[in-house]
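Taking it in order: structure first as structure tokens, then the write-up.
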Amino acid sequence: MKQERIGPVFFQRNPVDCARDLIGCWFEWDGCVGRIVETEAYAAEDDPACHTFFRPSARRFVAGHPAGHAYIYLNYGVHWLFNVLVKDGDMDGFVLFRALEPVAGLEAMRTRRPGCPDHGLCAGPGKLTRAMDIHGGHHAAEFLSRPERGLWRAEPLEIGTGPRIGISKGKELPWRFCAVGSRSLSRPLPR
DNA sequence: GCCAGGATGTTA
DNA sequence: AACATCCTGGCG
């Protein structure tokens, strides 16, 4: 069951705590709902894997938007990736949404990802944006207060931690968070 | 099951 | 040139 709505204040903390605390929460977007089972944290300072490290435009985004707005970009020319801006004033950054367990709106998700088994519909950062129809048109959007979009607290889940995935620099940091035992992770947690 | 390779656009 | 990915096809 979803509980109270998460507001922008949730993202006025450091990105690592935000990423961890989002595991188990529900993410709703235009009729589709997923339980968050995998996230990663990125830091705006001193993190070579974060866009702010090599993109002036990303640094301008952090400076020019409030905590809780969406940061969405096209990865490998193919996949939209969804992040939430985190601003604590001390340690700013992003949370990347990497995987969800589908909860509602499965019919629409199946239409957008034909042939995919249900548990895999949102099992990856590019997969979840495709399944939920999130794209560059939503970049910079405020989504936490829209009736048909947002985040909700729900039952807490057991959380596992590991190194971030798919990056070439900053691999040491254990800033990937997963719901232990979920079938919908983008990849299993290392043991 | 694993691995290699290609698609594709934006940034710098 | 690099890239916070995904899918397919080849192999066993």
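In the text below, chain A, chain B and the rest are named by the order of the sequence lines, each starting its count at 1. Source: prediction; values computed, not measured.
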Length of the [atom1]-[atom2] vector between [X] and [N], whole Å:
X: A/R60; N: B/dA12; atom1: CZ; atom2: P; value: 7 Å
X: A/R112; N: C/dC7; atom1: CZ; atom2: C1'; value: 20 Å
X: A/H51; N: C/dC3; atom1: NE2; atom2: C1'; value: 7 Å
X: A/R164; N: C/dC3; atom1: CZ; atom2: C1'; value: 14 Å
X: A/R176; N: C/dA4; atom1: CZ; atom2: P; value: 16 Å
X: A/L74; N: B/dT8; atom1: CG; atom2: C1'; value: 8 Å
X: A/R59; N: B/dA12; atom1: CZ; atom2: C1'; value: 11 Å
X: A/F177; N: C/dA4; atom1: CZ; atom2: C1'; value: 15 Å

What's the closest nucleotide to the [X] side chain, out of [options]?
X: A/R55; options: B/dA12, C/dC7, C/dC3; result: B/dA12
X: A/Y76; options: C/dC3, C/dC6, C/dA4; result: C/dC3
X: A/V78; options: B/dA12, C/dA4, B/dT8; result: B/dT8
X: A/N75; options: C/dC6, B/dT11, C/dA4; result: C/dA4
X: A/S57; options: B/dA12, C/dT5, C/dC6; result: B/dA12

With respect to the phosphate group of [N], does any side-chain polar atom (N or O) of [X] fall under 4.0 Å of OP1 or OP2?
X: A/R113; N: C/dC7; result: yes
X: A/K171; N: C/dA4; result: no
X: A/S186; N: C/dT5; result: no

Q: Start with the C-alpha gap between A/F27 and A/F82, add the side-chain angles, then the distance that decides, and say whether ring pair (Phe, Tyr, Trp, His ring centres under 6.0 Å) holds.
A: CA-CA 12 Å; A/F27 179 41; A/F82 181 88; 5.1 Å; yes

Q. Looking only at heavy atoms, which two atoms of A/R183 and A/E101 are closest? And how far apart?
A. N-OE2, 4.3 Å

Q | Shortest non-hydrogen contact between A/T52 and A/R59, atoms and distance | A | O-NH1, 2.5 Å

Remember a base hit wins even if backbone is also touched, and classify [X] as base, sugar-phosphate or nothing at under 4.0 Å, heavy atoms.
X: A/S168; result: sugar-phosphate
X: A/L96; result: base
X: A/K169; result: sugar-phosphate
X: A/R130; result: nothing
X: A/R187; result: nothing
X: A/Y73; result: base

**Q.** Side-chain ion pair, A/E28 and A/K2, N-O less than 4.0 Å
**A.** yes

Q. Is there a donor-acceptor pair closer than 3.5 Å between any side-chain N or O of A/N83 and the backbone N or O of A/Y71?
A. yes

Q: Indicate whether A/Y42 forms a stack on C/dA4; treat it as stacked only if centroid distance is below 5.5 angstrom and interplanar angle below 30 degrees.
A: yes

Q. Partner of C/dC6 by Watson-Crick or G-U wobble geometry, both contacts under 3.5 Å, or none?
A.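 Per the H-bond distance test, B/dG6.
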
Q | Residues A/R164, A/E40; criterion salt bridge (charged side-chain N to carboxylate O under 4.0 Å, His left out); working and verdict | A | CA-CA 7 Å; A/R164 295 177 295 182; A/E40 284 177 358; 5.4 Å; no

